[in-house]
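Only a predicted model underlies this, so the values are computations on that prediction, with no experimental measurement involved.
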Amino acid sequence: MNQRELFFKHVAQTSPAPLAIEVVRADCATLFDAQGKEYIDLIGGISVANIGHRHPKVIEAIRAQTDAYLHVMVYGEMIESPQVRYAAALAKHLPENLQSVYFTNSGAEATEGAMKLAKRVTGRTKMIAFNKSYHGSTQGALSLLGDEYYRNAFRPLLPDIWHYDLNDIAAVDAIDSQTACVVMETVQAESGVVKPNLDFIKAVRKKCTETGALLIFDEIQAGFGRTGLLWAFSAIGVIPDVLLLGKALGGGMPLGAFITDKKWMDQLTDRPVLGHITTFGGHPVCCAAGLAAFEALLDEKWIDQVHEKEQLLLGALVHSTIVSVRSAGLWMGVEFASAENCKKVIDYLLDKGVLTDWFLFAPHCLRISPPLIIHPEQLKKAAALITEACDVVL
Ligand code: PLP
């Protein structure tokens, strides 16, 4: 059996139609398949490869760490330099109430940890989340997920979680003295890059402060320069009580984090002790890779180029069949009239060597979230192929 046949036989699938590209190499913003075909990567492993694939500093950090040690002990017991240095580096770029970093293996685990933290800190269970939000696929995170189709098959889920539309003032009214937390994305990812209104976020923040509910911002996709600022919440001017990170956090290695005030995080050490544990969370190789990626992102000033690249794309993505383009930095949802139209464009692009995708709750929108390091010429070429696809297939 060839690789493709073995893939379909033995590698578990939950997509009815996986891309099934046999990738053999990835560099910067280009993927290479087993047939020698090149793809411009317009999705960066879904907002992971912000500084591109296999950045030399990341590879070097991984090599150095593998020479030193791999896993040595479960989370939080040993002083592991990659964890310590990365937590301190993140803290340096975060407000003073976000200084204690709990590293996890994934974004979903960061969400789970934050949900437990909110319960532990407040002694409450009610949670508020938003329709069309995505926070992960584990059962707690799934309970927050804002789509009944995806939730319903897996009930019973966590009780006392209430969903509202983004920007609906009813969500603010629902925050009360029973509420443990409000969980929201600073830019909704899977609804196709949708920004909440500023006034709405401010009202949520105010009500959380008044009632003692924790405000949890999920920047698992929005973080690390994606929107043109290191953190999307900096643009809003609202500081959360807990920040969720993942995706680009690991520089291409699996890593997530929930970050909060030390006085709150410390409560996970007591009643019960070891209130949240993980064997591999904050793996030293992942933290070494993540730290190298974080330093490269900042030192090489990739975030400074985001706005210009965003404008380049916005200027080029004009076509009568494109209904709208929603953008937040180098992160876009290109809206078509239907999911069928979007799929036709995605397939055409794949054939021409451009990798894009759709969004979980917006299958009629084409996903663009390339490595921030993508060369402008690659962006121009990809954008020209998108409008060409519109001409040819729609
Ligand atoms: N939160 C957001 C906004 C995400 O986009 C994702 C993943 O796509 C997650 C959480 C879950 O992260 P992971 O897939 O690493 O569990």
T104 and E109: side chain donor to acceptor below 3.5 Å: no

Presence of salt bridge, E148 and R151, under 4.0 angstrom: yes

Other ILVMFWY residues reachable from L229 by side-chain steps of under 4.5 Å: none

Any donor-acceptor N/O pair, E219 side chain to A232 backbone, under 3.5 Å: yes

Side-chain cluster (under 4.5 Å, hydrophobic types only) that V24 belongs to, other residues: F32

CD/E96: more than 12 non-hydrogen atoms of other groups inside 6.0 Å: no

Closest non-hydrogen atom pair, Q13 against P18: OE1-CG, 3.4 Å

Heavy-atom neighbours of E308 CD exceed 12 at 6.0 Å: no

Main-chain N/O of G192 paired to R326 side chain as donor or acceptor, under 3.5 Å: yes

Whether over 12 other heavy atoms sit under 6.0 Å from Q139 CD: no

Heavy-atom neighbours of Q3 CD exceed 12 at 6.0 Å: no

Cluster overlap F8 with V11, hydrophobic side-chain contacts below 4.5 Å: yes

Pairs meeting criterion side-chain hydrogen bond (donor to acceptor under 3.5 Å, both in side chains) with involvement of residues 172-183, two or more places apart: K126-D176, D176-T179

Partners meeting side chain to side chain contact (heavy atoms under 4.5 Å, CB included) with A382 (sequence neighbours left out): I40, L42, V354

Pairs where residues 162-214 contributes a residue and the test ring-ring contact (aromatic ring centres under 6.0 Å, His included) is met, not counting sequence neighbours: F130-F200

Where at least one partner belongs to residues 68-82, residue pairs that pass side-chain hydrogen bond (donor to acceptor under 3.5 Å, both in side chains), sequence neighbours excluded: none

Ring geometry between F233 and W231 (parallel below 30°, tilted from 30 to 60°, perpendicular above 60°): parallel

Heavy-atom check, side chain of I128 versus side chain of I161, under 4.5 Å: no

T321: which of L394, V393, N341, D391 passes side-chain contact (heavy atoms from CB on, under 4.5 Å): L394

Evaluation steps, side-chain hydrogen bond (donor to acceptor under 3.5 Å, both in side chains), between S191 and E185: CA-CA 11 Å; S191 55; E185 293 166 86; over 6 Å; no

Contact check, side chains of V183 and V242, non-hydrogen atoms, under 4.5 Å: no

Distance-only donor-acceptor check, side chains E310 and S327, under 3.5 Å: yes

Connected hydrophobic set around V323, excluding itself, where side chains approach under 4.5 Å: none

Result block: side-chain N/O donor-acceptor pairs under 3.5 angstrom for residues 345-352, not counting sequence neighbours:
from, atom 1, to, atom 2, distance (Å)
D347, OD1, K343, NZ, 3.1
D347, OD2, K343, NZ, 2.7
Y348, OH, E388, OE2, 2.5

Basic-acidic side-chain contact under 4.0 Å: E190, K132: no

Exercise: identify the closest heavy-atom pair between H135 and D218: ND1-OD2, 2.8 Å

Electrostatic pair D27:R25 at N-O distance under 4.0 angstrom: yes

Sequence neighbours excluded - side-chain hydrogen bond (donor to acceptor under 3.5 Å, both in side chains) pairs with any residue from residues 241-262: R205-D241, D261-K263, K262-D266

Side-chain ion pair, K206 and E210, N-O less than 4.0 Å: yes

L144 reachable from I259 in the ILVMFWY side-chain graph, under 4.5 Å edges: yes

Salt-bridge present (E60, K57; N to O < 4.0 Å): no

Contact list for residues 361-394, test ring-ring contact (aromatic ring centres under 6.0 Å, His included), sequence neighbours left out: Y150-F361

Residues E112 and T138: side-chain donor-acceptor under 3.5 angstrom: yes

Side-chain heavy-atom pair L366, W358 within 4.5 angstrom cut-off: no

ILVMFWY cluster, L330 and L312 together (side-chain gap under 4.5 Å): yes

Where at least one partner belongs to residues 238-271, residue pairs that pass ring-ring contact (aromatic ring centres under 6.0 Å, His included), sequence neighbours excluded: Y102-F258, F258-H276

Sequence-distant partners of A383, side chain to side chain contact (heavy atoms under 4.5 Å, CB included), two or more places apart: L313, A316, L317

No-hydrogen, no-angle side-chain donor-acceptor test under 3.5 Å, H283 and N105: no

